[in-house]
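Take a look at the structure set out below.
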Amino acid sequence: MHRLFRAALLCAAGAAALACGGGDTQAYATHAEAARALALPPYVPGTAHTFTAVAEEGGARWMRFQVPPADAQRMVEGMRVLTFGQARTGRFTPPSWKGDWPPELSRREPTSSRSSLRFYAASPIECLAVEWVSSVAYLYPCGGG
């Protein structure tokens, strides 16, 4: 119910097609471009760039973006760290995704995760995975662990 309510609010507020369930993969070079087109979570720092995003009808969204290491660290401060098992609750593979997506979050059942990929509860309905070697973050729907 919470997802549908939030999606309806985003659409009513005039958010871009992505927030309203456009379903196609969208790409944005800068935070400013992404912020104009998407309903970016407030914890995504202004230094984030190279966004790829897709959403589906119910409001679930998947996002990949790069963020400088120091800003990535600040971004996850205060978020609850999730185990690999907790991070894999819910749907993992984005619909209509074009681009890199971690195999740990695919529909396949990997038994472990690479040590440089950490998982966080970004909200009660979204998780964040951060690949610390490449400073890439992945936002995806989950039960929040």
Side-chain angles (χ1 to χ4, degrees), residues 2-4 6-11 13-108 110 112-145:
H2 184 260
R3 287 182 194 188
L4 294 175
R6 187 176 67 178
L9 285 177
L10 292 173
C11 292
L18 177 74
C20 300
D24 293 327
T25 303
Q26 305 291 320
Y28 307 94
T30 66
H31 184 277
E33 288 175 12
R36 279 193 297 273
L38 309 173
L40 287 180
Y43 54 80
V44 176
T47 55
H49 59 91
T50 317
F51 288 81
T52 305
V54 68
E56 60 184 12
E57 239 0 91
R61 61 184 170 179
W62 288 261
M63 203 177 298
R64 177 189 188 278
F65 56 93
Q66 291 187 264
V67 61
D71 292 335
Q73 188 62 48
R74 281 189 289 280
M75 177 177 68
V76 300
E77 282 178 9
M79 290 183 186
R80 188 167 51 91
V81 176
L82 301 174
T83 66
F84 180 60
Q86 290 171 321
R88 289 186 48 82
T89 60
R91 263 187 77 202
F92 318 112
T93 304
S96 310
W97 188 262
K98 295 179 180 87
D100 293 332
W101 193 255
E104 292 89 344
L105 297 176
S106 73
R107 290 180 190 260
R108 289 170 271 144
S112 65
S113 174
R114 63 196 123 145
S115 63
S116 60
L117 187 65
R118 296 282 187 256
F119 305 97
Y120 305 89
S123 77
I125 61 169
E126 290 183 319
C127 289
L128 188 69
V130 178
E131 166 52 68
W132 289 102
V133 171
S134 59
S135 289
V136 174
Y138 301 89
L139 177 74
Y140 63 97
C142 72

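The two residues Y140 and A87 make their nearest non-hydrogen contact at OH-O, 2.8 Å. Residues T52 and T25 come closest through the heavy atom pair CG2-CG2, 3.4 Å. Contact detail for P68 and S135: the closest heavy-atom pair is C-OG, 4.3 Å.
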Worked verdict on Q73 versus W132 for side-chain contact (heavy atoms from CB on, under 4.5 Å) = CA-CA 9 Å; Q73 188 62 48; W132 289 102; 3.7 Å; yes
request  = Let me see the working for L38 and M63 under side-chain contact (heavy atoms from CB on, under 4.5 Å), right down to the final yes or no.
outcome  = CA-CA 10 Å; L38 309 173; M63 203 177 298; 4.2 Å; yes
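The side-chain contact (heavy atoms from CB on, under 4.5 Å) search around T50 returns Q66, not counting sequence neighbours. Partners of V81 according to the side-chain contact (heavy atoms from CB on, under 4.5 Å) rule, which considers only residues two or more places apart in sequence or in another chain, are Y120. Listed by chain and number, the residues in a side-chain contact (heavy atoms from CB on, under 4.5 Å) with A35 are H31, L40 (sequence neighbours excluded).
Side-chain N or O atoms of E33 include one that pairs as donor or acceptor with a backbone N or O of A29 at under 3.5 Å. Judged purely by atom type and a 3.5 angstrom limit, Q86 uses its side chain to pair as donor or acceptor with the backbone of T83.
A distance of 4.0 Å separates OH in Y43 from CG in L139, rounded to the nearest 0.5 Å. Taking OG1 of T30 as the reference point, atom CZ of F65 lies at 13.5 Å (rounded to 0.5 Å). In this structure, the separation between CZ on R61 and CD on Q26 is 14.0 Å, given to the nearest 0.5 Å.
Here the side chains of M75 and P41 are not in contact, with every heavy-atom distance at 4.5 Å or above.
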